Amino acid sequence: MRIRRWLAFGGSIVLLASLIVVVPASAVLAASPGVARNIAAAGTTSPETGGFTPSGEGDVTQAEFPGQEDEADGGPGPYPGTIVNRSLSDGTGNGVSVNSGKKAKSNPQFKTGFEGLNLFQQRYARGGNQFTVEPPDQALCVGNGYVVEAVNDVLNVYDTAGQSVLPDNTSTNIVSGFPTDVDHAVDLNSFYGYAPAINRATGIRGPFVTDPSCLYDAATGRFFVTVLTLETVPTTGAFTTVNHIDTAVSNSSNPTGTWTIYRMDVTNDGTNTGGTNPGPYLGDYPHIGADANGFYVTTNAYPWCCNGFSGAQVYAFSKAQMAAGAANVTVVHFDTSGTVNAPSDAGSTQPGFTVWPAMSPGATSFNLNNGGTEYFLSSNAADEATHPVAGTGGNYTSSQLVVWTLTNTSSLNSATPALSLTNKLIGVNQYAIPPKQKQPGSGTPPTTSAPQGYCINDTTTATIAGIGCWRLLFGGEPAHNEVISRPDSNDTRMQQVMFANGRLWGALDTALNPDGGPQRAGIAWYVINPNSNKVALQGYLGATGHDFTYPAIGVTSSGRGVMAFTATGDALNPSSGFAPIDAIVGVGPWSVVNGGTGAAQDDGFTSYKSQVGNPPRTRWGDYSAAAVDGNSVWIASEYIAAACDYPTWGGRFFGATTGDNKLGTCASAPGAAGPRTALGNWSTRVSQLVP
């Protein structure tokens, strides 16, 4: 894709991702022995913007993707095809028939809500020295009167009314010559003490930060924010293969203050599966949880060299040491490769895949038995579980979940940790990799309500670059054959896990046939008794003419919860959905949160062939989030918050005398907050509900 230097909307685009065959039941099988190590503190930080040179007319680079380089004419070169979050499963499974879920007539649980971080804030933080990214990857945690939200690649801290409590950085956030309002947001490179993602004055690239997750631990009064950081070659942005998990821990219960950073190298953590998938490895898709004693991070290890999979990795940290800001913290590492007693192409066992650790509400909901116990859940319909060597070959369906149990977690606070990780397969209702979502107009040419797509197809609009809007985006003429996309559904990897009221709660994406109709994306949810390793309650959520994706469950100490997800449909733009859940009734009627109804179709760069190749993969998700605070459940997920018509999107570049000096932001004036960027329009919705 070409983007002309004088458009002054610079930036870079990132593709990020996620995606899971019937196997026999098994007995409990011990995982590989944990290996203890010490991780040194890497310094302190605070949510403040680091140093930068403002982007604008003097930019030497117009690169729009990580790893992309500028060509001789000053425009960016071809899209390099980089997807960070990996998935091997390429296809869909056969879903079951279900009755259409009821639509709630009202939202009695809703208390408050607000638009959270959006693409405009992400792109123009730190003076515009950022990449444009899809999807956001939703992180959310709440406690002590604060709401902390992070996405790729920006962070904000709000009060419970949705007002940012970070210092106002508008006057110093100069982009294209004007102070630019990003609602005080701080880029994640700044937060973790790194150089800008891209210095547009020099072309030098900083580390690539992705996949944020957030947790507030009421027992210690600390916020934890974890990301995956990939080291890059400064001059080109190419990945070096070195990557590490960075966790920032607040030094008090006030997240606007100082934090301590711990960096853990994961480059060589993985198993050489079948001798064909050697390291180094990518520690992909990190997620976090906690019990009374430990803070837990899990990753999916993929070999940089190959298409296979090298097992989920589990890291157990001493929570007390991290909360105290210790100079060194103890961490025990488990490699789950070959530990699930079910067949794969590597032999009689499978690796764990997306082994998601449980969070617990409040300060006293942990399991203290067996020296302290932490639980995890995972699924096994993906090629990562069944075909980790070849990386392909499965049928993408399963009737099993894997329950993981880590015991003696209190030993993390000793000089010689002695933890035990075991797993057990349990039978559940069938689930399968779902088809992509539908949104209004999917498969038809974009209208002016999807201005970026319409622009690519347009050959008649008069612009400052000549006749045809496409000239604003490309040096060479594209094919003008774009259509409204079908956004990604998740695969069937496990999503956010809770341990509350003595039960494990989890959900995943699945294929369903609502009311006997065509296959749609829906949700399979589970309430599990971890003592008996049996399902206490399970079910599906789907609806005729709709798709539900990327679920996240939050459950209070009393066992009442809310499940968040993205809701789309034949007549519903991407919206922020939710449904109540408990251990007696299960999931109740679904609805869209107040203020969370999608205002337009997804119009992101990953939707279009001329920008990312054919077929495009419209990135969405890659996960939602739920956070419990007392008797409230806060939820957040991706949606399209605002509409922008084609003339407003083009603004001054179509000859108008008002609007932004940056293409496609739909802002009222240079520096004003805009609802989108030229290349995308995602946002996030944060809502408080009382189940």
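If you're wondering where the values come from, they're calculated on a predicted model, not measured in any experiment.
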Might you work through the side-chain hydrogen bond (donor to acceptor under 3.5 Å, both in side chains) test for Asp137 and Asn152, ending with a clear yes or no?
CA-CA 6 Å; Asp137 291 1; Asn152 292 320; 3.0 Å; yes

Aromatic ring pairing Tyr285/His287, orientation class (parallel under 30°, perpendicular over 60°, tilted between)
perpendicular

Give a yes or no answer on whether the side chain of Asp629 reaches the backbone of Ser632 with a donor-acceptor pair at less than 3.5 Å.
no

Side chains of Pro675 and Cys666: does their closest heavy-atom pair fall under 4.5 Å?
yes

Stepwise side-chain contact (heavy atoms from CB on, under 4.5 Å) check, Gln452 with Leu679
CA-CA 7 Å; Gln452 180 189 191; Leu679 301 179; 3.3 Å; yes

Can you list every ring pair (Phe, Tyr, Trp, His ring centres under 6.0 Å) pair that touches residues 671-691, not counting sequence neighbours?
none

Pairing residues for Tyr192 by the ring pair (Phe, Tyr, Trp, His ring centres under 6.0 Å) criterion, not counting sequence neighbours
none

Can you run down the salt bridge (charged side-chain N to carboxylate O under 4.0 Å, His left out) pairs that involve residues 512-526, sequence neighbours left out, and say none if there aren't any?
Arg520-Asp547, Arg520-Asp570

Salt bridge (Lys or Arg N to Asp or Glu O under 4.0 Å) partners for Asp291, two or more places apart:
none

Do Ser213 side-chain atoms and Ala139 backbone N/O form a donor-acceptor pair below 3.5 Å?
no

Between Phe223 and Tyr216, what is the ring plane arrangement, given parallel below 30°, perpendicular above 60°, and tilted in between?
tilted

For Asp602, the salt bridge (Lys or Arg N to Asp or Glu O under 4.0 Å) test, sequence neighbours excluded, returns none

Residue list, side-chain contact (heavy atoms from CB on, under 4.5 Å) with Thr258, at least two apart or on another chain:
Asn251

Passing option when Pro47 is tested against Val148, Leu155, Asn156 for side-chain contact (heavy atoms from CB on, under 4.5 Å):
Leu155

Could you check, using the six-membered ring where one of them is a Trp, whether Tyr540 and Trp525 have ring centers closer than 6.0 angstrom?
no

Does Asn173 reach the main-chain N or O of Tyr124 with its side chain, forming a donor-acceptor pair under 3.5 Å?
yes

If a pair satisfies salt bridge (charged side-chain N to carboxylate O under 4.0 Å, His left out) and one of its residues is in residues 680-691, list it, with sequence neighbours excluded.
none

Taken to the nearest 0.5 Å, the spacing of Ile288 CD1 from Cys214 SG works out to 6.5 Å

Sequence neighbours left out, what passes side-chain hydrogen bond (donor to acceptor under 3.5 Å, both in side chains) with Thr170? Give chain and number order.
Asp168

Applying side-chain hydrogen bond (donor to acceptor under 3.5 Å, both in side chains), run through Glu134 and Thr606 and close with a yes or a no.
CA-CA 7 Å; Glu134 288 188 337; Thr606 58; 2.5 Å; yes

Decide ring-ring contact (aromatic ring centres under 6.0 Å, His included) for Phe548 and Trp590; before the verdict, give the C-alpha distance in whole Å, the side-chain angles of both, and the deciding distance to 0.1 Å.
CA-CA 10 Å; Phe548 302 144; Trp590 71 277; 4.8 Å; yes

Passes side-chain contact (heavy atoms from CB on, under 4.5 Å), Phe110 versus Ser687? Steps please.
CA-CA 8 Å; Phe110 179 83; Ser687 304; 4.2 Å; yes

When you look at Tyr454 and Tyr646, which way does the ring-ring contact (aromatic ring centres under 6.0 Å, His included) test go after all the steps?
CA-CA 8 Å; Tyr454 188 85; Tyr646 180 62; 4.7 Å; yes

Going by the salt bridge (charged side-chain N to carboxylate O under 4.0 Å, His left out) test, which pairs reach into residues 500-511, not counting sequence neighbours?
none

Lys662 and Thr180: side-chain contact (heavy atoms from CB on, under 4.5 Å), yes or no, with the steps?
CA-CA 11 Å; Lys662 301 180 291 297; Thr180 299; 4.3 Å; yes

Short side-chain to backbone donor-acceptor contact, Asn144 and Tyr146, under 3.5 Å:
no

Any chance CG of Asn99 has more than 12 other-residue heavy atoms, nucleotides or ligands included, within less than 6.0 Å?
no

Residue pairs meeting salt bridge (charged side-chain N to carboxylate O under 4.0 Å, His left out), one or both in residues 557-568, sequence neighbours left out, come to none

My understanding is that only residues two or more places apart in sequence, or in another chain, count here; which of them pass side-chain hydrogen bond (donor to acceptor under 3.5 Å, both in side chains) with Thr226?
Thr247

Quick one, Val151 and Gln138 - any side-chain contact, counting heavy atoms below 4.5 Å?
yes

Does Val555 form a side-chain contact (heavy atoms from CB on, under 4.5 Å) with Asn501? I'd like the steps, not just the answer.
CA-CA 8 Å; Val555 184; Asn501 200 32; 5.7 Å; no

So, does Gln439 use its side chain to make a donor-acceptor pair with the main chain of Ser485 at under 3.5 Å?
yes

Does Ser190 form a side-chain hydrogen bond (donor to acceptor under 3.5 Å, both in side chains) with Arg126? I'd like the steps, not just the answer.
CA-CA 8 Å; Ser190 286; Arg126 204 167 186 173; 3.0 Å; yes

Quick check: does any side chain N or O of Ser365 sit under 3.5 Å from a backbone N or O of Pro361, one acting as donor and the other as acceptor?
yes

Would you say the rings of Phe565 and Phe578 are close, in the sense that their centroids are separated by under 6.0 Å?
no

Start with the C-alpha gap between Glu638 and Ser683, add the side-chain angles, then the distance that decides, and say whether side-chain hydrogen bond (donor to acceptor under 3.5 Å, both in side chains) holds.
CA-CA 6 Å; Glu638 183 179 3; Ser683 188; over 6 Å; no

For residues 492-520, the ring pair (Phe, Tyr, Trp, His ring centres under 6.0 Å) pairs (sequence neighbours left out) are Tyr375-Phe499

